[in-house]
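Atoms within each ligand, like the ligands themselves, are counted from 1 in listed order.
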Amino acid sequence: MRVPVDWPKLVIVTGAGAGIGQATAEAFAASGATVVCADLDLPAAEKTVDVLRANGGEGFAYALDVADASAWQTFGERVLAEHGVADVLVNNAGVGLAGSFLEHSHQDWQRIVDVNVLGAGHGCRVIGAQQRNRNKQDPSARGHLVNVASASAFSPHKQLAAYAATKAAVLMLSESLRAETSAYGIGVSAVCPAFIATGTHEETAAKAGGGHGPELVAKRILKAVRRNKPVVPVAGAAWFAYVLAHLAPFMMRRAAAVDGEAVLARIKKLTGWLPGKDGRKRPENV
Ligand SMILES: NC(=O)c1ccc[n+]([C@@H]2O[C@H](COP(=O)([O-])OP(=O)(O)OC[C@H]3O[C@@H](n4cnc5c(N)ncnc54)[C@H](O)[C@@H]3O)[C@@H](O)[C@H]2O)c1
């Protein structure tokens, strides 16, 4: 299906107050869309809207805890009444959790599942249903749901059991939902970055070989939406893990038991020798 140049017109980004969410809101606004910036941290979402407007774009800030099902319902109704049906929803808000799974508290485990899995699911249900209803009335309309998963969705690791489990669930939610919603003109993409230098992951990304900025993920999200891509690994390390997980899962299982620092060093070495987009080796790793 051909996508009009001025589509999408209205985009919702969760976790838009920082990192990948902020960069994604900026990229959609720069492409001409009005962006609804939702975040647990309202002042952070408002700052993102200030940036969008300073750059000539348009956006609106809303407070939302994605883990709260009834808050999603109210938020969805407000956005519908104030702006209309969102063409695109980017379920980006997420939290990390590292360390021994056996040492996690019940609350830690509950929260990461609530935010990363249930949060993305609530968003898909509420906004996906609005898109379906609109598209039934207007078969030329289309919608798109983006779930920001992670390379951890297909890279088991002993220090990331809880996080990886939530991201694997998000990936499978996306792949299964896509099969349901295609009948209503709604695409679904799972975006799977690795080592992106955002506030919370700057150190890890740096250790992994420089790390890409959140702008790269934003760019890939826009492309995934326009081209209706199902699964989008972002950055060399994510592609490397994605291919290995499918071709040689036993190697991923072995890597899962290795200490994090050693895995990062290995990935850095291997991805550093993969050619960049221009065909040359990346200078920081050569
Ligand atoms: N940075 C990476 O290396 C990386 C890699 C793979 C996947 N991801 C995923 O990308 C997404 C964004 O990560 P980031 O690095 O930009 O994070 P970040 O911590 O820089 O920003 C997250 C934003 O989400 C908001 N947020 C947190 N919990 C929320 C909730 N319950 N409801 C609404 N908003 C909430 C925070 O206030 C913050 O503004 C996450 O889902 C993360 O798991 C990140």
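Side chain to side chain, Asn92 and Thr14 fail the donor-acceptor criterion of an N or O pair below 3.5 Å. A side-chain donor-acceptor contact under 3.5 Å links Glu82 and Tyr62. Between the side chains of Asn135 and Gln131, no donor-acceptor pair of N or O atoms lies under 3.5 Å. Side chains of Asp50 and Thr48: no donor on one and acceptor on the other come within 3.5 Å.
Applying the 4.0 Å criterion to heavy atoms of Gly17 picks out, from ligand 1, the atoms 39 (O). Atom numbering of ligand 1 starts at 1 in the shown order; those under 4.0 Å from a heavy atom of Phe195 are 3 (O). For ligand 1, the atoms lying closer than 4.0 Å to a non-hydrogen atom of Leu64 are 32 (N), 33 (C). Interface atoms of ligand 1 facing Val115, defined by a heavy-atom separation under 4.0 Å, are 31 (N). For ligand 1, the atoms lying closer than 4.0 Å to a non-hydrogen atom of Arg111 are 31 (N). Using a 4.0 Å cut-off to heavy atoms of Tyr163, the atoms of ligand 1 that qualify are 6 (C), 7 (C), 8 (N), 9 (C), 42 (C), 43 (O).
Distances from atom 27 (C) of ligand 1 to the heavy atoms of Gly94, Ala237, Gly15 show the closest one on Gly94. In this structure, of Asp65, Asp39, Val217, the residue bringing a heavy atom nearest to atom 30 (C) of ligand 1 is Asp65.
Of all the heavy atoms of Ala38, none lies under 4.0 Å from any atom of ligand 1, so neither backbone nor side chain is involved. Under 4.0 Å from ligand 1, the heavy atoms of Thr198 that appear belong solely to its side chain.
In this structure, the side chain of Lys167 does not engage the main chain of Ser152 through any donor-acceptor pair within 3.5 Å. Between the Thr181 side chain and the Ile186 main chain, a donor and an acceptor come within less than 3.5 Å of each other. One N or O on the side chain of His157 and one on the backbone of Val258 form a donor-acceptor pair closer than 3.5 Å.
Inclusion of Ile196 in the set of residues having an N or O under 3.5 Å from an N or O of ligand 1 is warranted. By the 3.5 Å distance cut-off applied to N or O atoms, Ser150 is not counted among the residues near ligand 1. Annotation: Val66 places an N or O atom under 3.5 Å from an N or O atom of ligand 1; distance criterion only. On a distance-only criterion, Asp41 and ligand 1 share no N/O pair closer than 3.5 Å. Residue Ala194 has no nitrogen or oxygen atom sitting less than 3.5 Å from a nitrogen or oxygen atom of ligand 1, judged on distance alone.
In this structure the side chain of Arg178 reaches within 4.5 angstrom of the side chain of Pro230, judged on heavy atoms.
Ile127 CD1 to Ile12 CD1: the interatomic distance, rounded to the nearest 0.5 Å, is 4.0 Å.
Residue Ala238 places every heavy atom at 4.0 Å or more from ligand 1. Heavy-atom distances between Pro193 and ligand 1 reach below 4.0 Å in at least one pair. Within the 4.0 Å heavy-atom cutoff, Gln22 does not count among the residues contacting ligand 1.
Only one option out of Arg142, Arg134, Arg226 pairs with Asp87 in a salt bridge (charged side-chain N to carboxylate O under 4.0 Å, His left out); it is Arg134.
A tilted orientation is assigned to the rings of Phe154 and His246, their planes being inclined by 30° to 60°.
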